[in-house]
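What follows is a single structure, written as structure tokens, with notes after it.
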Amino acid sequence: MNENLFASFAAPSMMGLPIVVLIVMFPSILFPTPSRLINNRLISIQQWLIQLTSKQLLAIHNQKGRTWALMLMSLILFIGSTNLLGLLPHSFTPTTQLSMNLGMAIPLWAGTVITGFRYKTKASLAHFLPQGTPLPLIPMLVVIETISLFIQPMALAVRLTANITAGHLLIHLIGGATLALINISATTAFITFIILILLTILEFAVALIQAYVFTLLVSLYLHDNT
């Protein structure tokens with residue numbers, strides 16, 4: 001119980017060298033590429049899930065927006081796999097780092113905004129000033145809409161970081177409480193252990209849901225600008 005509560009969120013290193021890059025690249029190994037005419041069950045399920053998710057994400061897009069299909073599917077697979085790997089004992093979750101989430105959110109958001117200003121300049125500028133706005137409110141609304149636009153990548157990153165970090169902290173606290181209660185009350189420790197199992201199952205769902213939400217919001221930003 002004397003362990004630092006945030007020790008599991010520190011960037012790991014080996015022999016003094018950071019290994020975050022290796023951890024970030026590791027999930028790509030988990031998705032095998034088909035090399036046979038007839039796929040096995042694992043690859044078939046993988047392709048079915050990818051097709052199902054891509055249909056849901058790209059249903060609202062036009063032809064120009066669907067050119068982002070590979071980017072969006074790579075994004076959801078990367079975030080989902082890193083979130084799930086972070087639930088393994090003694091592992092590190094890159095998506096608990098705000099800097100990494102900002103590194104994903106800002107370029108994607110900037111790409112959607114630049115796409116909008118390039119292909120839909122008038123419509124993109126019209127978002128800063130809703131139709132029928134009274135003349136005295138125009139400067140205030142332009143400032144508010146500009147601020148809300150620049151807050152979007154921050155909201156993406158903070159949402160993902162907060163949800164994943166909160167779940168890991170709860171698992172850490174309840175797991176520590178379970179170990180402490182074993183010598184005090186076996187019944188209470190058993191109840192706490194059941195709660196820990198249920199919370200872990202919930203975190204599996206949260207890991208996948210947050211990956212989908214992050215990608216869906218990027219998809220919606222893209223839809224608004226294409």
Flag, side chain of [X] to backbone of [Y], donor-acceptor distance under 3.5 Å:
X	Y	answer
Asn101	Thr95	yes
Thr165	Ala162	no
Thr53	Ile50	no
Trp109	Leu149	yes
Thr161	Val158	no
His223	Gly65	no

Taking the side chain as C-beta and beyond, is there a heavy-atom pair between [X] and [Y] under 4.5 Å?
X	Y	result
Leu58	Leu72	yes
Ile171	Glu203	yes
Asn83	Leu160	yes
Leu75	Leu108	yes
Leu57	Tyr212	yes
Thr178	Phe190	no
Asn225	Phe117	no
Leu87	His168	yes

Kindly give the heavy-atom pair with the smallest separation between [X] and [Y], and that separation in Å.
X	Y	result
Ala207	Ile164	CA-CD1, 4.4 Å
Leu84	Phe204	CD2-CD2, 3.5 Å
Pro153	Ala105	O-CB, 3.5 Å
Pro94	Met100	CB-SD, 3.2 Å
Ile79	Thr82	O-OG1, 2.9 Å
Leu77	Ser81	O-OG, 2.7 Å

Separation between [atom1] of [X] and [atom2] of [Y], rounded to the nearest 0.5 Å:
X	Y	atom1	atom2	answer
Ile191	Leu196	CD1	CG	14.0 Å
Thr96	Leu169	OG1	CG	9.5 Å
Met71	Leu222	CE	CG	10.5 Å
Gln97	Leu102	CD	CG	11.5 Å
Ile195	Leu202	CD1	CG	12.5 Å
Ile209	Leu216	CD1	CG	12.5 Å

Heavy-atom neighbours of Met73 CE exceed 12 at 6.0 Å: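 More than 12 within 6.0 Å, yes.
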So with a 6.0 Å cut-off around CZ of Phe193, is the heavy-atom count from everything else above 12?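 No - once you tally the heavy atoms of other residues, nucleotides and ligands closer than 6.0 Å, there are 12 at most.
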side-chain contact (heavy atoms from CB on, under 4.5 Å) between Val213 and Arg159: does it pass, once the steps are laid out? CA-CA 9 Å; Val213 169; Arg159 181 187 295 107; 4.1 Å; yes
Is there a path of hydrophobic side-chain contacts, each under 4.5 Å between heavy atoms of I, L, V, M, F, W or Y residues, that connects [X] with [Y]?
X	Y	value
Met154	Ile106	yes
Leu181	Ile194	no
Leu220	Val218	yes
Val113	Phe150	yes
Leu49	Phe214	no

Should Thr192 and Ile174 be marked as a side-chain contact (heavy atoms from CB on, under 4.5 Å) after you check the CA-CA gap, both sets of side-chain angles, and the distance that decides it? CA-CA 7 Å; Thr192 311; Ile174 296 178; 3.7 Å; yes
Less than 3.5 Å apart, any donor N or O on the side chain of His61 or Ser219 sitting next to an acceptor on the other?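 On atom types as modelled, these side chains qualify, holding a pair under 3.5 Å.
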